[in-house]
Amino acid sequence: MRTICFFNSVENWGGGEKWHFDTSLYMHQKGHKVLVITHEKSELLNRLKDTGVSAIGLKVGNLSFLNQAKIDKLKNILVEHQVGCIIINLSRDLKLAGLAAKKAGTEKIIYRRGSAIPIKDSVLNRYYFKNIVTHILANSEATKNTVLSNNPTLFPEENITVIYNGIDVDGFLSKEVNTQYYSKNENEIVLVNLGRLEAQKNQQFLILLASELTKRQVKFKLLIGGEGRLKETLQQQAQELNVSENILFSGFIENPKSFISSGDIFLLSSLWEGFGYVLAEAALCKKPVVAFDTSSNPEIVLQGKTGFLTEVNDVEAFADKVEKLITNPELREEMGQAGFEYAQNAFNANNILKKIESYLISKKPKTNNITALLITYNEIEHIDAVLENIDFADEITVVDSFSTDGTVERIKAHSGVKFIQREFKNYTDQKAYAMEQASNDWILFLDADERLTPELRAEVIETVNTNDDEISAYYFYRTFMFKKEELHYSGWQSDKNYRLFKKSKVNFSKDRIVHETLIVDGKSDVLKHKLIHYSYKNYEDYKGKMVKYGQMKAIEELPKNYSPNTYHFIVRPLYKFINHYILRLGILDGKKGIIICYLNALGVYSRYKELKRLKSVDKK
């Protein structure tokens, strides 16, 4: 597995640095090889300490790309760490890290674009975007549109991918709210704005808005949160327009949730935004929004549903929308709730990070979605781990057979999982039902005691997005785990099952009710990396499984016209043991091999014992 490298030379902490921190940590926790290269004095490097993420500090400046020794040093680091993918955050970093990555033979050189400002059509940019950069990751459609606005041939549009910035929804919602302003009377509506006091954020417009609302005799209070170079200018402007009493400059805001929650309506006057993070935060606070119809705002604020968008700097139109919300409390509540539901789904960091993982480890842009399916019954020991293991899937559905050990509560604790309870008849019936619930054609169907390695996760994503149309299903070889140790032989060395397939091309055979058989319309193939199978917890647990499977196999055998005899009770179990222990080399697994081969033989014996019982019942 090749290393994924994050390159960011900024010393201070900001949105881009937070993205690199969160994403690199997530990828590390998912088992991917990760390296972060940043400035030797950066806050990013400091925060990565004690996270387990490999990080290297370098002395990097604006002109470092002119230093051949520095380029070679960085190239050698990338080669040493076997970097196959690098994500670069700034244009100045692209000049240095992009060139070093190209020399190091890095296959995937990603320029992450977070600003909705057009890229200049310069000679240097044309060289880098045609010869160095292989992919561009934009944080909004607006940002994507600005990449090619000055030169439509600068970079292949099909290699520009949009993935929004994610928000830790659960973390944000769990924060306490300490109201920072209380209305003086019930008729006073509180308007809130939060952002740096800089020209881009355009708070001068809000002072003009305050003047217009005052003329309309609207009772309001405007809270402006943030610090910046324009603070004194804004305060002076408010005095000149005689609206100082209606405006409160709140300074730096440490808890955005508390500040936004203190208001009734959120206002954003920015002239442009790469991704209006604060708009999503306002939505999570259930506040309707009024903002400009520019850059990424229409992607976050749904016009007429979660708020209103107006032309840039149109004071009267903006005031009309604010006044409409002020005079209609039902509309405020309706829009606030709609915005809350939209933000939860569209910008949830858990979902966003899954998309980023898929994007980073795939060699080609994502084209197909995956539904991951599980059927469960009393899987408390495995359920958290398996749900985390498959959280890269676009949809996860669990069909549970009324578990009683806490499995249900654990499933419900995982956001985004579709949960269904249904009575269990047999494995084939339950799996066929689960497959019917899938929204996507590509199905990843695991047992709760199975895990994908990082290499297999990457192979699954790559396979789904580069699939040969003739291949409808894929086998996974499995590594059998005896407690925490790998079982190398005992018949398991060639164990494989269908685990990835197209819903439209398969169905389960109704003749089998255990160890179900998948009927495939088309060709099959085998994935290279193995699935981890944690089937053996302890002797009694595995014995119970083998006996249960044997009894269910007896039901399959019941329609056949024979009665179990000495051959079935002695010869068949003995052959099973000898086959697995001697011919399939279980003897090389030592004590573990004896146990597994014996219990597998016990399963055969249990089948015929149950079949004999069922036959005798039929005769009565």
Side-chain angles (χ1 to χ4, degrees), residues 12-23 25 43-44 46-47 51 114 139 164-184 188-198 200-203 206 220-231 234-235 246-270 273-291 297 300-301 306-307 325 332-333 335-337 339-344 346-350 352-353 415:
N12 299 322
W13 184 258
E17 293 63 57
K18 183 180 185 303
W19 186 93
H20 276 248
F21 177 86
D22 291 341
T23 309
L25 182 58
E43 179 62 20
L44 175 58
N46 182 55
R47 297 196 186 199
T51 63
N139 65 349
Y164 292 119
N165 288 355
I167 297 176
D168 180 7
V169 172
D170 293 337
F172 185 85
L173 295 179
S174 66
K175 290 181 179 178
E176 291 186 9
V177 173
N178 299 311
T179 304
Q180 299 186 8
Y181 179 82
Y182 292 93
S183 301
K184 294 180 180 178
E188 183 184 69
I189 293 296
V190 180
L191 311 175
V192 179
N193 168 264
L194 180 59
R196 291 173 290 109
L197 305 184
E198 303 289 344
Q200 175 204 343
K201 302 301 181 180
N202 191 32
Q203 283 93 349
L206 296 179
F220 71 95
K221 191 75 170 186
L222 173 59
L223 310 184
I224 298 179
E227 290 287 352
R229 292 173 292 181
L230 294 181
K231 186 171 185 177
L234 293 170
Q235 289 174 332
N246 295 91
I247 301 175
L248 176 63
F249 291 91
S250 302
F252 176 76
I253 301 301
E254 191 160 338
N255 185 340
K257 183 182 179 184
S258 289
F259 183 73
I260 297 172
S261 297
S262 299
D264 300 295
I265 304 168
F266 187 83
L267 312 179
L268 190 71
S269 53
S270 299
E273 291 283 349
F275 175 83
Y277 195 91
V278 71
L279 291 175
E281 290 183 323
L284 290 176
C285 292
K286 298 186 178 181
K287 304 302 174 185
V289 173
V290 183
N297 291 357
I300 308 171
V301 180
T306 67
L325 287 169
R332 291 202 305 271
E333 183 176 354
M335 285 188 164
Q337 183 61 37
F340 176 76
E341 293 173 2
Y342 177 62
Q344 269 196 311
F347 310 117
N348 191 310
N350 292 331
I352 296 296
L353 286 168
S415 60

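Here the shortest heavy-atom pairing between Tyr164 and Ile352 reads O-CG2, 3.1 Å. Contact record, Tyr342 with Ile300: CE2-O, 3.5 Å, taken as the closest heavy-atom pair. Nearest heavy atoms, Val290 versus Ile265: CG2-CG2, 4.3 Å. A pairwise comparison of heavy atoms in Gly114 and Asn139 identifies O-ND2, 3.3 Å as the closest pair. For the pair Gly225 and Ile253, the tightest heavy-atom approach, listed with the atom from each and the gap, is CA-CG1, 3.9 Å. Closest approach of Ser250 to Leu223, counting heavy atoms only: OG-CB, 4.4 Å.
Considering CG of Leu194 and CD1 of Ile224, their distance stands at 11.0 Å, rounded to 0.5 Å. Taken from OG in Ser262 to NZ in Lys287, the straight-line distance is 8.0 Å, to the nearest 0.5 Å. One finds the OG atom of Ser261 at 12.5 Å from the CD atom of Glu176 (value rounded to the nearest 0.5 Å). Note that the CG atom of Leu44 and the NZ atom of Lys18 stand 12.0 Å from one another [nearest 0.5 Å]. Distance check: His20 NE2 to Leu25 CG gives 14.0 Å after rounding to the nearest 0.5 Å. Put simply, CZ on Phe252 and CG on Leu197 are 12.0 Å apart, with the number rounded to the nearest 0.5 Å.
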Go through the steps for Phe21 and Thr51 under the test side-chain contact (heavy atoms from CB on, under 4.5 Å), then give the verdict. CA-CA 10 Å; Phe21 177 86; Thr51 63; 4.2 Å; yes

Applying side-chain contact (heavy atoms from CB on, under 4.5 Å), run through Val301 and Phe266 and close with a yes or a no. CA-CA 11 Å; Val301 180; Phe266 187 83; over 6 Å; no

side-chain contact (heavy atoms from CB on, under 4.5 Å) evaluation trace for Leu279 with Glu273: CA-CA 10 Å; Leu279 291 175; Glu273 291 283 349; 6.0 Å; no

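In this structure, Lys201 contributes its side chain and Gly195 its backbone to no donor-acceptor pair below 3.5 Å. Put simply, the side chain of Arg332 gets close to the backbone of Leu325: a donor and an acceptor are under 3.5 Å apart. Remark: the backbone N or O of Leu222 is not paired with any side-chain donor or acceptor of Asn246 at under 3.5 angstrom. Put simply, the side chain of Ser269 gets close to the backbone of Asn202: a donor and an acceptor are under 3.5 Å apart. Formation of a donor-acceptor pair under 3.5 Å by the Ser258 side chain with backbone atoms of Asn178 is found in this model. A donor-acceptor distance shorter than 3.5 angstrom exists from the side chain of Asp264 to the backbone of Val190, with no hydrogens or angles considered. Lys257 places no side-chain N or O within donor-acceptor distance of the main-chain N or O of Cys285, the cut-off being under 3.5 Å.
No side-chain heavy atom of Trp13 sits under 4.5 Å from any side-chain heavy atom of Asn46. Inter-residue side-chain proximity for Glu43 and Asn12 is flagged as unmet; no heavy-atom pair is nearer than 4.5 Å.
The pair Arg229-Glu198 counts as a salt bridge, with a side-chain nitrogen and a carboxylate oxygen less than 4.0 angstrom apart.
Taking the six-membered ring where the residue is Trp, the centroids of Phe275 and Phe347 are separated by under 6.0 Å.
Under the rule for a side-chain contact (heavy atoms from CB on, under 4.5 Å), Glu333 has no partner lying at least two apart in sequence or in another chain. With sequence neighbours excluded, the residues satisfying side-chain contact (heavy atoms from CB on, under 4.5 Å) with Leu353 are Thr23, Tyr26, Ile356.
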